[in-house]
**Q** 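Have a look at the structure that comes next, please.
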Amino acid sequence: MSHTSKATERARCVVHVDLDCFYVQVERKMNPELLKVPCAVVQYNKFQGGGIIALSYEAKARGVRRSMRGNDARVVCPDIRLVTVPTANEKADLTRYRNAGSSVFEVCARHSDLCERTSIDEAYLDITLQARTLLSNMDEFKRRLRLSGVMIGTESNLADSDEFEKEIFWKDSLQPENNDTQDSLLAAGSVIVAEIRAAVKDKTGYTLSAGISHNKMLSKLVSGKNKPNKQTVLSSTKVEKLLSRLPLRDLNGFGGKLGDKLIDKCSIKYVGDLKKYSLMKLAKMAIGSEIVRINSATWMSQACRGICTETVKSRIAAKSISCGKTFRGPTRLRSIDNVKEYIDKLSIELAERLQNAKQKHRQVAKLITVSYHTGSKTVKRKGQEINLTGNISKSRSCRCPATPNAVNISKAVMQVLEKELDSECIRAGVTCLYIGASKLENVRDEATGIDTLLKKVVSASTATSESDSHLYIQKPKQAAKRRTGIEQMFTRPLTPYEPNKKPNRSLQAATRVSNDGGDIQQKEETKPTIHNLFFRAKSKSTKSNSSIRIQNQLTWNQVDQTVFRELPSELQKEVMSSIRSEMPQQATRRKRFKWSQKP
DNA sequence: CATTATGACGCT
DNA sequence: AGCGTCAT
């Protein structure tokens, strides 16, 4: 199976961390009365007691479920405490939870090699190197193992699990003494995770659950197996068995339409069943019956064997910021003014959060997007009024204003929206409004956009000399913080922000799929993907179009005059020369005098 | 009238 | 650029 030395060398220790009923924990920290009693967090308690978006384990045990109405929860659990999400600008405001999450993942980031925040209350960690280091010193490992309280090679707290699960998780599954197995890496990782969880609890008061395995998919799969406040390890030796009986929809990525199609049309019950479809067959399914998308085939053939090569990135800040509100039934918006009223409100929140992103993460947005849903239209057919379901959703984007305050954001959004909201939309009513900021770029200056401009200037000019290097955004130097005692041994400084590479599930490396289901080692040989197996010719012809992107050159209308004025004269020259080279002289000259008008 | 708000990312 | 899918 997978216990080759090669597999062990390359095996990673990847962790999925998941805050337990997080909104409830946040509310409980603010109001300890809520501790130990069934309680739930709802938003908008006016209608039927509000919608439940988080619930305590006491409430869950009483049959309360997420998405229930507060009133329905009271039926099954009369003594439930309902807490309402704060409201600002006439909408639910999740700031409190976002910030609480940040505090948690800052701790995680400090204590792990890599921390990738994936939502308000979840993150992946890669602690491979830390685990290896710990393994290299057995005495140290044993000492910290004792301190951590982690049990290795024994059955742990699996009261709620069935026999099948008990066999898979923990029971005799880890042999830390054996340096050659992937299990010892996970054993060391388990100790480190326990320490991280203790640090989070200590610094923030919050508890979390974690899954520990060799890749993102597997760690996520098991992180919730022992909630709350427990960690679960999944050995590579148990993966094949686990997947063979795992309902397909329970695996990340198969919970939606794709999973439904595979279940309905291919009579696949368990993840392991997918193994009987070779890569070829999956591809043919994609081509012939449109059950799967062609580019999903490679990913699927790996996933069903427990393989997931996606790396853990280093990022705790969001890549986009958005806020929105739905307007159901009679509250749907039926006039432009009404829409503007709410765009104004949403803009206030977005502006605040953008300011926060700038202060906290040095992020500056380049793009604003507005999207809306418009209600189902009623159409007359054969004299009958027929209600066409399926709401229409639209989105438009525009450049983010240089000073993204609420007024400017609202102005920019309304400008694109007014063209869109025709009488048709207004008659049907707007049922949903979202605005968001994306293309967040990392800057170090106070002056908004100046680094971006410099980057553009430099990339537009051909040569990149060493002397230019100071123009680029520097990764923050890792502060050599002094730590003492045990903490020193497993903590790391915060990792700097790194923009992600664009991932592609199928066309990435890692395509070879072995037949031994337990093998979760990374495959790095680049083999033909489904795509070029079947579309070699096509992919060649499209390559020049899609995969090779020429960077946009700087044009006058991209240059903000206030930004330009701040540049050293030497750079002003550079900017001008870079622009002159691509524009007709006349146009350039004319614009130079008029360029106070921005696009 | 009622599963909200918010992310990430793939496809075209 | 805009739309669709998946997740919680």
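All values below come from the heavy atoms of this structure, side chains included, with hydrogens, waters and symmetry mates left out. Proteins get letters first, then strands, A, B, ... in listed order; numbering begins at 1 in each.
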**Q** Counting only side-chain nitrogens and oxygens, does A:T369 get under 4.0 Å of the OP1 or OP2 atom of C:dA1?
**A**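 No, A:T369 has no side-chain N/O under 4.0 Å of OP1/OP2 on C:dA1.
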**Q** Expressed as a whole number of Å, how far does the P atom of B:dA2 sit from that of C:dT8?
**A**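 Roughly 25 Å separates the two P atoms.
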**Q** Is A:I52 touching bases, backbone alone, or none of the nucleic acid, heavy atoms closer than 4.0 Å?
**A**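 Touches nothing.
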**Q** Check step by step if side-chain hydrogen bond (donor to acceptor under 3.5 Å, both in side chains) holds for A:S219 and A:H16.
**A** CA-CA 5 Å; A:S219 60; A:H16 181 252; 5.9 Å; no
**Q** Calculate the interatomic distance between A:I435 atom CD1 and B:dT6 atom C1'; express it in whole Å.
**A**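 About 13 Å, once rounded to whole Å.
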**Q** Please determine if A:K313 forms a cation-pi arrangement with A:Y124, meaning its NZ or CZ atom is less than 6.0 Å from the six-membered ring centre and no more than 45° off the ring axis.
**A**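 That pair does not qualify as a cation-pi contact.
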**Q** For the side chain to side chain contact (heavy atoms under 4.5 Å, CB included) test, which of A:P404, A:S438, A:P401, A:S397 pairs with A:I368?
**A**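 Among A:P404, A:S438, A:P401, A:S397, the one that satisfies the side chain to side chain contact (heavy atoms under 4.5 Å, CB included) with A:I368 is A:P401.
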**Q** Scan nucleotides 3-8 of chain C nucleotide by nucleotide, 5' to 3', and note B when protein non-hydrogen atoms come under 4.0 Å of the base, S if they reach only the sugar-phosphate, - if neither.
**A** SSSSSS
**Q** It should be established whether A:K319 places a side-chain nitrogen or oxygen under 4.0 Å from OP1 or OP2 of nucleotide B:dC9.
**A**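 Looking at the OP1 and OP2 atoms of B:dC9, one of them is under 4.0 Å from a side-chain N or O of A:K319.
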**Q** Please report the distance, rounded to the nearest Å, between NZ in A:K313 and C1' in B:dC9.
**A**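 Atom NZ in A:K313 sits about 12 Å away from atom C1' in B:dC9.
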**Q** Expressed in angstrom and rounded to an integer, what is the separation of A:Y434 atom OH from B:dA5 atom C1'?
**A**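 It is 5 Å, rounded to the nearest whole Å.
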**Q** Please give, in whole Å, the distance from C:dA1 P to A:K419 NZ?
**A**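 So the NZ-P distance, A:K419 to C:dA1, works out to 13 Å.
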**Q** Output the single nucleotide from B:dT3, B:dT4, B:dA8 whose closest atom is nearest the side chain of A:S67.
**A**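 Of the options given, the side chain of A:S67 lies nearest B:dT3.
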**Q** For A:F327, does the six-membered ring have the charged nitrogen or CZ of A:K325 within the cation-pi criterion, i.e. under 6.0 angstrom from the centroid and within 45° of the normal?
**A**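 Yes - A:K325 lies over the ring of A:F327, closer than 6.0 Å to its centre and within 45° of its axis.
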**Q** Atom NE2 of A:H373 to atom C1' of B:dA5: distance rounded to whole Å?
**A**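 That distance rounds to 12 Å.
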**Q** Quick check against the 3.5 Å criterion: does A:N215 have a side-chain atom that pairs as donor or acceptor with the backbone of A:I307?
**A**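 No; zero donor-acceptor contacts below 3.5 Å.
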**Q** According to a strict under-4.0 Å criterion, is A:R117 in side-chain N/O contact with OP1 or OP2 of B:dG7?
**A**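 So the side chain of A:R117 is outside the cut-off, no N or O lying under 4.0 Å from OP1 or OP2 of B:dG7.
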**Q** Hey, would you say the A:Y206 and A:F22 ring centroids sit under 6.0 Å apart?
**A**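 Between A:F22 and A:Y206, which both carry aromatic rings, the centre distance is below 6.0 Å.
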**Q** Could you point out which residue of A:D18, A:D20, A:N226, A:T232 forms a side-chain hydrogen bond (donor to acceptor under 3.5 Å, both in side chains) with A:S209?
**A**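 Looking at A:D18, A:D20, A:N226, A:T232, the match for A:S209 under the side-chain hydrogen bond (donor to acceptor under 3.5 Å, both in side chains) is A:D20.
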**Q** Just compare B:dA8, B:dA5, B:dT3 and give me whichever is closest to any side-chain atom of A:R69.
**A**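 So the side chain of A:R69 is nearest to B:dT3.
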**Q** Within the structure, does a side-chain N or O atom of A:R98 lie under 4.0 Å from either OP1 or OP2 of B:dT6?
**A**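 So the side-chain polar atoms of A:R98 do come within 4.0 Å of the phosphate oxygens OP1 or OP2 of B:dT6, strictly under.
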**Q** I want to check one thing: is the phosphate of C:dA1, taken as OP1 and OP2, less than 4.0 Å away from some side-chain N or O of A:K439?
**A**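 Checking A:K439 against C:dA1: at least one side-chain N or O falls below 4.0 Å of OP1 or OP2.
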**Q** To the nearest Å, give me how far apart CZ (A:F47) and C1' (B:dT3) are.
**A**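 Those two atoms, CZ and C1', are 12 Å apart.
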**Q** Measuring from the side chain of A:R328 (C-beta onward, heavy atoms only), which nucleotide among B:dG7, B:dA2, B:dA5 has the closest atom?
**A**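 That would be B:dA2.
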**Q** Would you mind classifying the nucleic acid contact of A:E420 as base, sugar-phosphate or nothing, using non-hydrogen atoms under 4.0 angstrom?
**A**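 It contacts nothing in the nucleic acid.
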**Q** Would you mind telling me which residue lines up with the more 5' stretch of DNA chain B, A:P330 or A:S322, judged by nearest nucleotide?
**A**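 Its nearest nucleotide being more 5', the pick is A:P330.
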**Q** Are a donor atom and an acceptor atom from the side chains of A:S335 and A:D337 found within less than 3.5 Å of each other?
**A**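 Side chains of A:S335 and A:D337: no pair found under 3.5 Å.
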**Q** Just jot down the ring pair (Phe, Tyr, Trp, His ring centres under 6.0 Å) partners of A:Y277, sequence neighbours excluded, or say none.
**A**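 If we apply the ring pair (Phe, Tyr, Trp, His ring centres under 6.0 Å) test to A:Y277, skipping adjacent residues, there are no hits.
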**Q** Want to settle it: does A:S320 or A:G329 sit nearer the 5' end of DNA chain B, counting the closest nucleotide to each?
**A**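 Final value for this comparison: A:G329.
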**Q** Quickly work out the A:R65 CZ to B:dT4 P distance and round it to whole Å.
**A**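 To the nearest whole Å, that distance equals 20 Å.
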**Q** Below 4.0 angstrom, which residues in residues 86-94 of chain A have at least one non-hydrogen atom near DNA chain B?
**A**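 Listed by number, they are A:K91, A:L94.
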**Q** Is there a side-chain contact between A:L440 and A:K366, using heavy atoms and a 4.5 Å cut-off?
**A**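 SC-SC contact between A:L440 and A:K366 ruled out.
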**Q** How about A:S102 and A:R117: does a side-chain donor come under 3.5 Å of a side-chain acceptor?
**A**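 Checked: A:S102/A:R117 side chains pair up, N/O donor to acceptor below 3.5 Å.
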**Q** Remember a base hit wins even if backbone is also touched, and classify A:Y44 as base, sugar-phosphate or nothing at under 4.0 Å, heavy atoms.
**A**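 The answer is sugar-phosphate, as A:Y44 gets under 4.0 Å only of primed atoms, P, OP1 or OP2.
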**Q** Verify the contact: side-chain N or O of A:S296 to OP1 or OP2 of B:dG10, cut-off strictly under 4.0 Å; return yes or no.
**A**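 So the side chain of A:S296 is outside the cut-off, no N or O lying under 4.0 Å from OP1 or OP2 of B:dG10.
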**Q** Distance check needed: B:dG7 C1' versus A:L440 CG, whole Å only.
**A**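 Taking atom C1' of B:dG7 as the reference, CG of A:L440 is at 12 Å.
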